[in-house]
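Everything below concerns the one structure shown next.
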Amino acid sequence: MTDDEKFLYRPELELDKVTKMGLSNIKDIIAFGFDLEKTFIFLDTEYIQYLYPNTIKVQKNTTLN
Amino acid sequence: MVEPAKKVEEEKKAVEQHKYEVDEEVTAFGVHASSEKGIDYEKLLVRFGCAAMNDDLKAKILNLTGAKPHRLIRRDIFFCHRDLDIILNRYEQGKLFYLYTGRGPSAEALHLGHAIPFIICKYLQEAFDVPIVI
């Protein structure tokens, strides 16, 4: 789940809000009935972890040039 | 030397192609057709380097999985592919592959449009007995 991308792409969204939507979407995805033994679902901000959530918060407020 | 009539025809084609490239937009964020007839799927295939889904591939899926392909494939909702033939050939040789898909979080709940790729992924996981990363 690319909550990091969505957070960076949509100026109006807070990171907490996007991550929460991601978790909620994951519940919907689980409902499609994937094989429990052969399925791995991850949230970018949680899986990359450590400094990453702070890194993208800074990135969003920094110009690239 | 190129015949004049042929040249005119070629120029007309080039203009049409240019108009298409400028006006028709298909991205992850929006779809915009260049004419009232809607999206030109033939041109879309070329532009995205895709190949059309065909009966041979459907027959091969039937052969390899022992079941008819998913109805979304049978009914040409999935009308094109990239390298499906390569994956099927690998599978035929007993080599492994896995599925990789994903979603950008949007709203609290998914809608029916979001369901399409997950329905097909669920089918592929079941039919080919492969892992999936979401």
Side-chain angles (χ1 to χ4, degrees), chain A, chain B residues 25-32 61 64-75 77-78 84 87-88 90-92 94-134:
Chain A
M1 303 295 291
T2 53
D3 55 341
D4 50 346
E5 255 175 49
K6 188 67 93 178
F7 166 68
L8 293 171
Y9 181 72
R10 297 266 296 271
E12 75 281 13
L13 290 178
E14 300 283 333
L15 184 57
D16 290 354
K17 167 87 180 151
V18 186
T19 304
K20 216 180 129 201
M21 290 195 308
L23 287 172
S24 171
N25 288 172
I26 286 174
K27 290 179 196 164
D28 289 353
I29 291 166
I30 291 170
F32 285 94
F34 291 102
D35 181 341
L36 288 182
E37 298 299 319
K38 294 190 170 175
T39 301
F40 179 65
I41 305 179
F42 69 98
L43 197 61
D44 281 356
T45 53
E46 185 190 280
Y47 193 61
I48 302 172
Q49 57 169 233
Y50 301 119
L51 251 184
Y52 192 58
N54 285 329
T55 306
I56 54 176
K57 278 180 197 166
V58 172
Q59 182 180 334
K60 194 170 180 175
N61 290 298
T62 315
T63 51
L64 289 174
N65 55 5
Chain B
E25 186 188 62
V26 179
T27 69
F29 311 107
V31 176
H32 181 78
I61 293 174
L64 292 173
T65 65
K68 279 195 282 188
H70 192 274
R71 64 186 178 281
L72 290 177
I73 296 173
R74 295 203 308 272
R75 294 176 191 180
I77 306 298
F78 281 84
L84 177 65
I87 286 286
L88 291 179
R90 279 182 60 92
Y91 184 79
E92 199 170 26
K95 290 181 183 159
L96 300 172
F97 73 91
Y98 69 96
L99 302 166
Y100 186 60
T101 183
R103 253 224 73 67
S106 56
E108 285 289 310
L110 300 185
H111 59 61
L112 276 178
H114 297 139
I116 305 291
F118 290 114
I119 289 170
I120 210 74
C121 281
K122 159 77 165 63
Y123 157 74
L124 292 171
Q125 179 179 58
E126 208 165 73
F128 293 95
D129 191 27
V130 288
I132 181 167
V133 177
I134 301 172

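Between A:Val18 and B:Pro105 the shortest heavy-atom distance is O-CB, 3.6 Å.
Counting heavy-atom pairs closer than 4.5 Å to chain B, the top residue among A:Ile29, A:Asp3, A:Asp44, A:Thr19 is A:Ile29. If you tally non-hydrogen atom pairs under 4.5 Å between each of A:Leu23, A:Asp4, A:Asp28 and chain B, the highest count goes to A:Asp28. Across B:Ala115, B:Gly104, B:Ala109, B:Ala107, the residue that shares the most heavy-atom pairs under 4.5 angstrom with chain A is B:Ala107. Most heavy-atom pairs under 4.5 Å with chain B: of the set A:Leu43, A:Asp35, A:Asn25, this distinction falls to A:Asn25. Listed options B:Thr101, B:Leu110, B:Val133, B:Leu99 were ranked by heavy-atom pairs under 4.5 angstrom with chain A; first place goes to B:Leu110.
A:Thr39 OG1 to B:Lys122 NZ: the interatomic distance, rounded to the nearest 0.5 Å, is 9.5 Å. B:Ser106 OG to A:Arg10 CZ: the interatomic distance, rounded to the nearest 0.5 Å, is 8.0 Å.
Applying the 6.0 Å contact sphere to OH of A:Tyr47 captures no more than 12 heavy atoms from other residues, nucleotides or ligands. Atom CD of A:Glu14 sits in a sparse spot, with 12 or fewer heavy atoms from other residues, nucleotides or ligands closer than 6.0 Å. The local environment of OH in B:Tyr100 is sparse, with at most 12 non-hydrogen atoms from other residues, nucleotides or ligands closer than 6.0 Å. For OH of A:Tyr9, the number of neighbouring non-hydrogen atoms (other residues, nucleotides, ligands) closer than 6.0 Å is 12 at most.
Using a 4.5 Å cut-off between heavy atoms, B:Tyr123 does not touch chain A at all. Contacts between A:Phe7 and chain B at a heavy-atom distance below 4.5 Å are absent for every atom of the residue. Heavy atoms closer than 4.5 Å to chain B are found in the side chain of A:Lys17, but not in its backbone.
Distance alone, capped at 3.5 Å, places no donor-acceptor pair between the A:Glu37 side chain and the B:Pro131 backbone. Put simply, the side chain of B:Gln125 never gets that close to the backbone of A:Phe34: no donor and acceptor are under 3.5 Å apart.
Looking at A:Phe40 and B:Ile132, their side chains never come closer than 4.5 Å, going by heavy atoms from C-beta outward.
Salt bridge present: B:Asp129 and A:Lys38 bring a charged side-chain N and a carboxylate O closer than 4.0 Å.
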